[in-house]
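Data first, discussion second: the structure below is written as structure tokens.
Only heavy atoms go into these numbers, but all of them, side chains included; no hydrogens, no water, no symmetry mates.
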Amino acid sequence: MRKLLLPALAACALLAAGAPVASAHKSHVATVSLGTKLSRAAGAIKGLEKTVKALFNNDSGQKDAIHTVDGKVAALGATVQGILSGVPLITGGLTALGTALADPVTGLVGLNHARPQFGAFTGAGVIIGGTGQTTGASGPKANVISTGAVPGVYVVDFGNDVSLRVFSVNVFPPGPGTTVPSAGATDCGVSSSAAALCAAAEGSGTPDASVNHVAIQIGNGTAAAPAGGFSVTAISG
């Protein structure tokens with residue numbers, strides 16, 4: 001009995017000694033686990049702080065950018081307003097320029113009207129070429145309107161008022177060694193005698209006083225038609 005008691009007591013002693021060790025081990029494990037969780041939480045909090053800080057910095061940058069854009073928009077608005085305020089002046093200037101260019105005397109229209117107008121014809125009065133044959137230009141563009149009733153006198157239609165222009169007639173030499181007759185021109189509407197001459201050359205009994213028509217007289221009015229033909233130019237003063 002005594003032999004059995006000693007092992008039992010030893011086992012109890014071992015049991016008693018082992019219980020605190022196991023409890024201490026569990027406490028240590030729990031402490032380690034909590035510390036790990038707290039460490040992880042602290043890391044997460046730090047990460048969250050970094051994220052919030054980054055968001056704050058980004059928001060601050062956005063505010064600065066928006067402020068910069070607002071400033072540029074305001075400056076652009078002022079520039080646009082300045083341009084808009086100048087539009088009436090620009091419009092007025094363009095209108096004045098258009099009026100000046102369209103002036104029948106000093107503008108582009110006037111300069112276009114002031115260009116020399118000419119026509120070249122054969123001795124039979126058939127047109128060789130003329131400024132009026134070009135689209136938009138003025139001057140002779142058809143054969144003479146006279147019938148040859150008066151030898152050496154032709155009536156050329158310029159298609160516009162040339163009564164204030166100076167005329168130049170050039171008789172083409174028919175060949176070497178030939179005499180080139182003198183020639184002159186007058187506007188049919190310049191006088192009654194000019195109107196009568198034009199009417200006679202046209203074979204009409206009604207005076208032709210058109211300021212568009214020009215009488216070309218080669219020689220003394222009795223000469224035959226020039227074999228080489230002629231040209232007439234109306235020059236603006």
* Shortest non-hydrogen contact from Ile218 to Pro181? -> CG2-CG, 3.6 Å
* Asked: What do the steps show when you test Asp161 against Ser163 for side chain to side chain donor-acceptor pair (under 3.5 Å), and what is the final call?
  -> CA-CA 6 Å; Asp161 186 352; Ser163 60; 2.7 Å; yes
* To do: Looking only at non-hydrogen atoms, find the nearest pair between Ala185 and Val214 and report the distance.
  => CB-CG1, 3.8 Å
* Asked: Is any side-chain heavy atom of Phe158 less than 4.5 Å from a side-chain heavy atom of Val232?
  -> yes
* **Note, Leu197 side chain near Gln217 side chain (heavy atom, < 4.5 Å)** => yes
* Contact check, side chains of Val162 and Gln117, non-hydrogen atoms, under 4.5 Å -> yes
* Verdict with reasoning, Thr122 to Ile128, per side chain to side chain contact (heavy atoms under 4.5 Å, CB included) -> CA-CA 7 Å; Thr122 67; Ile128 299 172; 3.8 Å; yes
* What's the shortest heavy-atom distance between Ala199 and Pro207, and which atoms? -> CB-CA, 3.7 Å
* Asked: For the atom pair NZ (Lys141) and CD1 (Ile127), what is the distance rounded to the nearest 0.5 Å?
  -> 10.0 Å
* Contact summary for Thr131 and Pro116, nearest pair of heavy atoms -> CG2-O, 4.1 Å
* CZ of Phe167: more than 12 outside heavy atoms within 6.0 angstrom? -> yes
* To do: Taking the six-membered ring for Trp and the single ring otherwise, decide whether the centroids of Phe121 and Tyr154 are under 6.0 Å apart.
  => no
* **Heavy-atom check, side chain of Thr36 versus side chain of Arg40, under 4.5 Å** => yes
Show every donor-acceptor pair shorter than 3.5 Å between a side-chain atom in residues 78-90 and any protein atom, with sequence neighbours excluded, or say none if there are none.
| residue | atom | partner | partner atom | Å |
| --- | --- | --- | --- | --- |
| Thr79 | OG1 | Ala75 | O | 3.1 |
| Ser85 | OG | Gln81 | O | 3.3 |
| Ser85 | OG | Gly82 | O | 2.6 |

Taking only distance into account, with no hydrogens and no angle test, what donor-acceptor pairs under 3.5 Å do side-chain atoms of residues 187-196 form with protein atoms, sequence neighbours excluded?
| residue | atom | partner | partner atom | Å |
| --- | --- | --- | --- | --- |
| Asp187 | OD1 | Gly189 | N | 2.8 |
| Ser191 | OG | Ser193 | OG | 3.1 |
| Ser191 | OG | Ala194 | N | 3.2 |

* Would you indicate whether the side-chain heavy atoms of Phe118 and Pro140 approach each other to under 4.5 Å? => no
* Asked: How long is the gap from CZ on Phe230 to CG on Asn170, to the nearest 0.5 Å?
  -> 10.5 Å
* Asked: Out of curiosity, Ile145 CD1 to Ser210 OG, how far, rounded to the nearest 0.5 Å?
  -> 7.5 Å
* Asked: Do Val144 and Val155 come within less than 4.5 Å of each other through their side chains, counting heavy atoms only?
  -> no
* Asked: Any idea which heavy atoms bring His213 and Asp157 closest together, and the distance?
  -> CD2-OD1, 3.4 Å
* To do: Of all the heavy-atom pairs spanning Asn143 and Val126, show the shortest one and how long it is.
  => OD1-CA, 3.4 Å
